Amino acid sequence: MEKTIGNIVATALKILYGSDADMSNIQVQSTRKEFEGDITLVVFPLLKYSGKSPEDTAYDLGNYLLKSSPGISSFNVVKGFLNLQVSNAAWLSEFISLWQSGSANDLSKKGQTILVEYSSPNTNKPLHLGHIRNNLLGFALSRILTESGNSVFKTNIVNDRGIHICKSMLAWKLFGKGKSPADTGMKGDHFVGKYYVEFETAYKSELSELIRKGMTAEEAAEKSELMAGARDLLRKWEAGDRETVDLWMKMNSWVYEGFDSTYKALGVDFDKIYYESDTYKLGRDIVEEGLQKGIFYRKEDGSVWVNLSDDSLDEKLLLRADGTAVYMTQDLGTAVERYNDYKFDHQYYVVGNEQNYHFQVLKLILKRLGYEWAEGIHHFSYGMVNLPEGKMKSREGKVVDADDLIDNMIDTAREMAEELGKLHDYVEEEKEAIYRKIGMAALKYFILKVDPRKNMMFNPRESIDFNGNTGPFIQYTYARIKSVLKLAKEKGHSVAEISTDLLMNEKEADLVKLLRKYQNVVKEAAESLNPSLIANYAYELAREYNQFYHDYTILGEHDHSLRNFRIALSEYTGNIINKAMYLLGIEMSERM
RNA sequence: GGCCCCAUAGUUCAAGGGAUAGAAUAGCGGUUUCCUAAACCGUAGAUCCAGGUUCGAGUCCUGGUGGGGCUACCA
């Protein structure tokens, strides 16, 4: 409707003033709540065409629209704003066509192949709150891009090798006494993470001991036996030393077992998992190739670098002096392998904004190497999750652990639900499934409603609520709708068609106006890569429905056609809520 | 030092250069013989500072202040 009005305005400007208007000057938007009307035309940008005052121009256009657009029933002018009233009949017919088309999806299919890389954990420690934001964003982004008609593949690069793993391995060798997670009853990833923290703690005290003996910080780092041991393990690993590789495989398998259960709890999955241990060699080949082409250069100590000062960046290390690979080495390899596997049009790396520089460099190097597809790789850079006491530090074990957080959320959901006591006719298993859905909805919505680009604050004690602008609020609205529909069915009210001869009340009209925006919200979310738009829309829709539900009876309505309309309106709202939340990876419950 | 990001009610978040800056939560006050009160209604409360561009600035530009990140032979 907005588009139609825009076109009519363009015609009107031509006829009334003889001007060919630039469409970007024709601004049609929803009328703000506090003013009368449904759709507003901002006339300020059009004054240059009319040569008249804002008010006169608005009246000219208002009168023209009233005559030539059947859906417009009246208009009013406030300052430079032309507020158009859309007729009840026009809104109703718009709802009917939405309702009839059901869940059909009329988004234009772009059909591009898109890779979304997310999660990308290190195998030396369990997942924490930062990973949760990453996983939820990556998963939601994938669903949104799929919904917009693309072929989307979810990938994960597991950073399963490197000095950090060797630190955990060394600590386990030194302090582990040969124990396994099963011996201690710990989850595998937590078990390995414990040794990583133990390494860092021991390393720190070793350093301060050396510094106390008179060394500088640099000298101490140089002389550290622990760090030397970790480096030694890394060299042995790259050389394929049997014992080292076996230990590495054993410890990684413990970690994967732990990750799998966390991923399952989060409800995320992947189409293909890449392992850095597979891709780093290709990375080294690529570095070799770049050396031969003269794009990279070798320093006297044997390390390999790229000089990016032409692009006003600095030098970047690509291979250490001892020949071992670094982060960038493997990312080069992974990127090339992915392109060979998928021939993607676009690849989004869901990685925190602390790595903006890394991805800038990655793209630049790939371009210098002559890969044209490098234009299609993008860093989906999301903000940090901060705690009241500051940044999370996994080296020091100062994190909000993912598993703990998930368990807490579900526990809280259970406590609240039991207090409300609405589910007594369910067996334990069914109840637990619902508690899980509610707890996860609270967590997921809390994180996804925030603009991904922005840093966000997480206060473990206060942050996650179950009332107000929350996941459970939306679930509750959905459960109410389902409950009404179930009762309607039991009473034999089935809606075959909706009368075109109804007068909607204000709440019904507001709901219809919101429902028709859904497709556009999904489109914008896909274009701007922003799941929070969908989260905020779903909330607004749920709130609007709750007002309608509170103010009017649905099943108690005696007028047959009005009752049917309200049932259809409820059903359609429920469908949209469900679809929107599905795109965010949030499950609905029929009861709660 | 250099580069990048951020700054909105007590708090956590919204606001495609457009009208009187929205929500939630915490506070205060209400609504349940009626389809789920995890709801609904009312009340109070905010654009870091100084300039500039514009008919119009929370939004764009410049400078300042405050916070975060990167600038690692960690990933």
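Naming convention: chains lettered A, B, ... in sequence-line order (proteins, then strands); numbering from 1 in each chain. The structure presented is a predicted model; accordingly, all values stated were derived computationally and were not measured.
Spacing between B:A57 and B:G18 at atom P, rounded to whole Å, works out to 11 Å. Spacing between B:U47 and B:A23 at atom C1', rounded to whole Å, works out to 16 Å. Comparing B:C6 with B:G29, their C1' atoms are spaced 38 Å from each other, to the whole Å. For the C1' atoms, the distance from B:A14 to B:G58 is 12 Å, rounded to whole Å. A distance of about 47 Å separates the P atoms of B:A38 and B:C61, rounded to the whole Å. Taking atom P on both nucleotides, B:G16 is separated from B:G52 by 26 Å, rounded to a whole Å. One C1' atom belongs to B:G10, the other to B:C28, and the distance between them is 15 Å to the nearest Å. Distance check on atom C1': B:C73 versus B:C60 gives 43 Å, rounded to whole Å.
Side-chain N/O atoms of A:S483 include one lying less than 4.0 angstrom from OP1 or OP2 on B:U36. Distances shorter than 4.0 Å separate some side-chain N or O of A:R320 from OP1 or OP2 on B:C74. Between A:R480 and B:C40 there is no side-chain polar atom (N or O) within less than 4.0 angstrom of OP1 or OP2.
One atom, OH of A:Y549, and another, P of B:A38, lie 11 Å apart when rounded to the nearest Å. Taking atom CG of A:N467 as the reference point, atom P of B:C40 lies 10 Å away to the nearest angstrom. Taking atom CZ of residue A:R566 and atom P of nucleotide B:C34, one finds them 19 Å apart after rounding to whole Å. Between A:M592 atom CE and B:A37 atom P there is a gap of 12 Å when expressed in whole angstrom units. Taking atom CD of residue A:E571 and atom P of nucleotide B:C35, one finds them 21 Å apart after rounding to whole Å. Taking atom CD of residue A:Q475 and atom P of nucleotide B:A38, one finds them 14 Å apart after rounding to whole Å. If you measure from atom CG of A:N159 to atom P of B:C74, you get 15 Å, rounded to the nearest angstrom. Going from atom CD of A:E544 over to atom P of B:C41 covers 10 Å, rounded to whole Å.
Using a 4.0 Å heavy-atom distance criterion, A:L319 is classed as making no nucleic acid contact. Note on A:A417: a base of the nucleic acid sits closer than 4.0 angstrom, heavy atoms only. Among the heavy atoms of the strands lying under 4.0 Å from A:L420 is at least one base atom, whether or not backbone atoms are also near. Using a 4.0 Å heavy-atom distance criterion, A:Q355 is classed as a base contact. No engagement by A:Q360 is indicated, since no non-hydrogen atom pair under 4.0 Å with the nucleic acid exists. As judged by a 4.0 angstrom heavy-atom cut-off over every strand, A:D314 is placed among residues touching the sugar-phosphate backbone only. Heavy atoms of A:Y478 sit nowhere under 4.0 angstrom from any nucleic acid atom. Nucleic acid contact for A:Y357: sugar-phosphate only, since backbone atoms but no base atoms lie under 4.0 Å from a heavy atom of the residue. Residue-level contact check: A:I163 touches the backbone only, with heavy atoms under 4.0 Å from sugar-phosphate atoms and none from bases.
The residue among A:V326 and A:F473 whose nearest nucleotide of RNA chain B is located toward the 5' end is A:F473. Heavy-atom nearest nucleotides on RNA chain B were determined for A:I434 and for A:R231, and the one closer to the 5' end corresponds to A:I434.
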- For RNA chain B, the expected dot-bracket line (Watson-Crick or G-U under 3.5 Å, [ ] crossing, | inter-strand) is (((((((..((((....[...)))).(((((.......)))))....(((((..]....))))))))))))....
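A donor-acceptor contact closer than 3.5 angstrom links the side chains of A:T334 and A:Q330. Checked by atom type, the side-chain pair A:Y349/A:S120 shows no donor-acceptor distance below 3.5 Å. In this structure, a donor-acceptor pair under 3.5 Å is absent between the side chains of A:T123 and A:D160. For the residue pair A:N134/A:Y382, the side-chain donor-acceptor check at 3.5 Å is satisfied. A donor-acceptor contact closer than 3.5 angstrom links the side chains of A:S30 and A:K517. Side chains of A:N353 and A:R453: no donor on one and acceptor on the other come within 3.5 Å. Remark: the A:T470 side chain and the A:D465 side chain contain no N/O donor-acceptor pair separated by less than 3.5 Å.
Partners of A:R298 according to the side-chain contact (heavy atoms from CB on, under 4.5 Å) rule, which considers only residues two or more places apart in sequence or in another chain, are A:E288, A:L291, A:V304. Considering only residues two or more places apart in sequence or on other chains, A:H550 meets the side-chain hydrogen bond (donor to acceptor under 3.5 Å, both in side chains) condition with none of them.
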Listed pairs, N/O of protein and of nucleotides 4-13 of chain B, under 3.5 Å:
| residue | atom | partner | partner atom | Å |
| --- | --- | --- | --- | --- |
| B:C13 | OP1 | A:M457 | N | 2.6 |

Between the protein and nucleotides 16-20 of chain B, list every N/O to N/O distance that falls short of 3.5 Å.
| residue | atom | partner | partner atom | Å |
| --- | --- | --- | --- | --- |
| B:G18 | N7 | A:Q27 | OE1 | 3.1 |
| B:A19 | OP2 | A:R32 | NH1 | 2.3 |
| B:A19 | N6 | A:T40 | OG1 | 2.8 |
| B:A19 | N6 | A:N83 | OD1 | 3.3 |
| B:A19 | N1 | A:N83 | OD1 | 3.0 |
| B:A19 | N1 | A:N83 | ND2 | 3.4 |
| B:U20 | OP1 | A:K79 | NZ | 2.9 |

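For A:L555, the listed nucleotide lying nearest its side chain is B:C35; candidates were B:U36, B:C73, B:C35. Between B:C73, B:C70, B:A75, one nucleotide has an atom nearer to the side chain of A:L317 than all others, and that is B:C73. Taking every side-chain heavy atom of A:K422 into account, B:A38 is the closest of B:C74, B:C35, B:A38. Listed nucleotides: B:C35, B:A39, B:A75. Nearest to the side chain of A:Y476: B:A39.
Within the cation-pi definition used here (under 6.0 Å to the ring centroid, within 45° of the axis), A:K125 qualifies as a partner of A:Y196. Remark: A:K299 is positioned above the aromatic ring of A:W305, its terminal NZ or CZ atom under 6.0 angstrom from the ring centre and at most 45 degrees off the axis.
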Name every donor-acceptor pair, under 3.5 Å, that has one atom in a side chain of residues 486-493 of chain A and the other anywhere in the protein, sequence neighbours excluded.
| residue | atom | partner | partner atom | Å |
| --- | --- | --- | --- | --- |
| A:H493 | ND1 | A:R563 | NH2 | 3.4 |

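Nearest heavy atom pair, residue A:G6 against residue A:M23, reads O-CE, 3.9 Å.
Between A:Y280 and A:W237, a ring centre-to-centre spacing shorter than 6.0 Å is recorded.
In this structure a side-chain-to-backbone donor-acceptor pair under 3.5 Å is present from A:S570 to A:R566.
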